[in-house]
Amino acid sequence: LGVSRAHEGSYNANHLVSFLNSQPSVHLSAEDRQCNSLEWDLANSEDRVLNAKIRLDRLRARNAQVVGDFALWNLPYAESMLALDRRVRIVALKRPKAESVASLTAWFLQAKQLPLVTAQERARMHRVDKNDLDVCYPTYALNGTVDTQAAVSHYYDDYYARVDSLKRAFPERVQIYDEAEVLSSANRASELFAYIKIPKPWKLEESQTTNSTLEVNPKPASPPKKRRGLRVLHTHAEEGEEATRTNAGSRKTVVIGIGSGRCGTMSLATLLNKQPGTQVSHEHNRCEGLAWNNDGHVPSDRRRRFNARRRLAMLRARQAKVVGDIALWYLPYVPMLLESRNVRVVALKRNREDTVASFERWFGGMNHFPWALSEEIGRMPNFTVHSMGYDKCYPKYDWDESNTPTLREGAERYYDDYYSNVDMLIEKYPRRVRLYNSYGLLNNLDVQRDLFEFLGMTQYQPQVVIGMHPTNLTAAKSNSARAAKQATSNSLEMDIG
């Protein structure tokens, strides 16, 4: 932990990481993947625990006895990490307040950034730009006139008050160090090595090198050039981490399956999971964190990008070469998901009439209409508001108040809109988004081979898949001969999910 970015001067974790990585069996990084999946103000405590677990799993995958990462945004997740694994140790870096505040203030002024205040307060300030890394910092509602130094001072006090609270709760597993002391004192360095259990023999002479000595009042570094998305900064000590990413997570193929629903997505997941080295889920955790339209609230592109990266991190943590999830609600997140090079998108399309008829049967039994806001549903006499958790997974449309739409009209409008967007994705990403006819993919072995090769799979077992929902599973078992005949036909009477 530490109050600022690893390179911003008020502390310089890159120096300490380089020094620690020179010790036996140590693999540390500074700001691995920025704060991807570790957003500071993430409100849901369950999401915090899940993201902490994902980050710990990623660190444990490194081939060393002591592994870890230094970043300011680890702080709000530190308690969860300590609770999840008794082997976790927290190292908090701290320098005198006056030095830290002066250095970090100079950095923010030169970079024309101030992520510590609300968007409204930032809008009132001149020459302050919005930045993708704003989500990595806490946000404060400061009263009165806000200036950069006052905001930084408030941040420093709050940050180390939290560190002190954490140390009181876990006195044996949280320690505070002045980085300059560790880099210049063999005794202090030995204390740190023993605390984080670095195996001997230690190379303490490294702490006396001039390259590792900090300036008392360092000049702020030049602000980084703006790039699209989150920047990844590496020191030479992180070269091993880059290799780990290349050889492990980045070589995995991540399959994102999309389709309107009622089109065979469950059967596609079944087909993929029967192949060697695959782990592909169907509608994992519903659309939690991936809402399309939550009763009128449409997530911003920044929020969608953050949630897409968090979902990718979860999928990559699976122990398989081909991993993924299939669900209708990934459609608006596809551009963000494709920012990762190893993602492939598979779109399923069943013919329009069969899909619409299936929606009529499926939602008709529940008097459910998912394509309108709840207040509009209240005005529709034929439908009721449901609390199944799936309504936010669908888009919403404006409907004529004087004419209640039918389920068929809703399904037709949704179907046409969905696949219009799929066509635009294929036009924009022709090599990474591929559309398959549901019946052809489930019944035609040559089409399946094309799918497997598109996903980079070298070993596969094409097979006819009978698509079904649990509701008609019993009937299918009792009529297996008829079902087998249907599986080889051009169309399926059985409803596919």
Practice item. Rounded to the nearest 0.5 Å, what's the gap from CZ on Arg311 to CE on Met336? Could you check? Key: 15.0 Å
Review point. How about Tyr394 and Trp292: are their ring centres within less than 6.0 Å of each other?
Key: no
Review point. Does the side chain of Tyr177 pick up a donor-acceptor pair with the side chain of Glu191 at under 3.5 Å?
Key: no
Point to revise | Over 12 foreign heavy atoms within 6.0 Å of NZ, Lys167 | key: yes
Check your understanding: Got a second to check how far Lys94's NZ is from Tyr156's OH, nearest 0.5 Å?
Key -> 4.5 Å
Check your understanding: Just by distance, with hydrogens left out, do Ser153 and Lys97 show a side-chain donor and acceptor under 3.5 Å apart?
Key -> yes
Review point. Taking the six-membered ring for Trp, are Trp329 and Tyr390 parallel (under 30°), tilted (30 to 60°) or perpendicular (over 60°)?
Key: tilted
Review point. Quick one: SG on Cys393 to OH on Tyr330, what's the gap to the nearest 0.5 Å?
Key: 10.5 Å
**Study point:** Arg318 and Ser281: side chain donor to acceptor below 3.5 Å
**Key:** yes
Exercise for review: Return the orientation label for the Tyr460 and Phe452 ring planes: parallel under 30°, perpendicular over 60°, tilted otherwise.
Suggested key: tilted
Exercise for review: Calculate, to the nearest 0.5 Å, the distance between atoms CG and OH belonging to Leu331 and Tyr419 respectively.
Suggested key: 9.5 Å
Exercise for review: Keeping the roles fixed (side chain from Ser340, backbone from Val343), state whether a donor-acceptor pair exists under 3.5 Å.
Suggested key: no
Check your understanding: Does a side-chain N-to-carboxylate-O contact under 4.0 Å join Asp450 and Arg434?
Key -> yes
Exercise for review: Could you tell me whether Arg188 and Asp178 have a side-chain N and a carboxylate O separated by less than 4.0 Å?
Suggested key: no
Review point. With a cut-off of 6.0 Å (strictly less than), are more than 12 heavy atoms of other residues, nucleotides or ligands near CD of Glu283?
Key: yes
**Study point:** Candidate pair Tyr77 and Val49, rule side-chain contact (heavy atoms from CB on, under 4.5 Å), full reasoning
**Key:** CA-CA 8 Å; Tyr77 295 84; Val49 174; over 6 Å; no
**Study point:** Any residue meeting salt bridge (Lys or Arg N to Asp or Glu O under 4.0 Å) with Asp158, in chain and number order, not counting sequence neighbours
**Key:** Arg162
Check your understanding: Is any NZ, NE, NH1 or NH2 atom of the basic residue among Arg60 and Asp57 found under 4.0 Å from an Asp or Glu carboxylate oxygen of the other?
Key -> yes
Exercise for review: Please determine, by modelled atom types, if Tyr333 and Arg305 share a side-chain donor-acceptor pair under 3.5 angstrom.
Suggested key: no
Practice item. Please lay out, stage by stage, how Lys392 and Glu288 fare under the test salt bridge (Lys or Arg N to Asp or Glu O under 4.0 Å). Key: CA-CA 9 Å; Lys392 63 185 177 182; Glu288 291 302 319; 3.0 Å; yes
Check your understanding: With no hydrogens and no angle check, do the side chains of Asp69 and Ser29 hold a donor and an acceptor under 3.5 Å apart?
Key -> yes
Check your understanding: Would you call Lys396 and Asp391 a salt bridge, taking side-chain N to carboxylate O under 4.0 Å as the test?
Key -> no
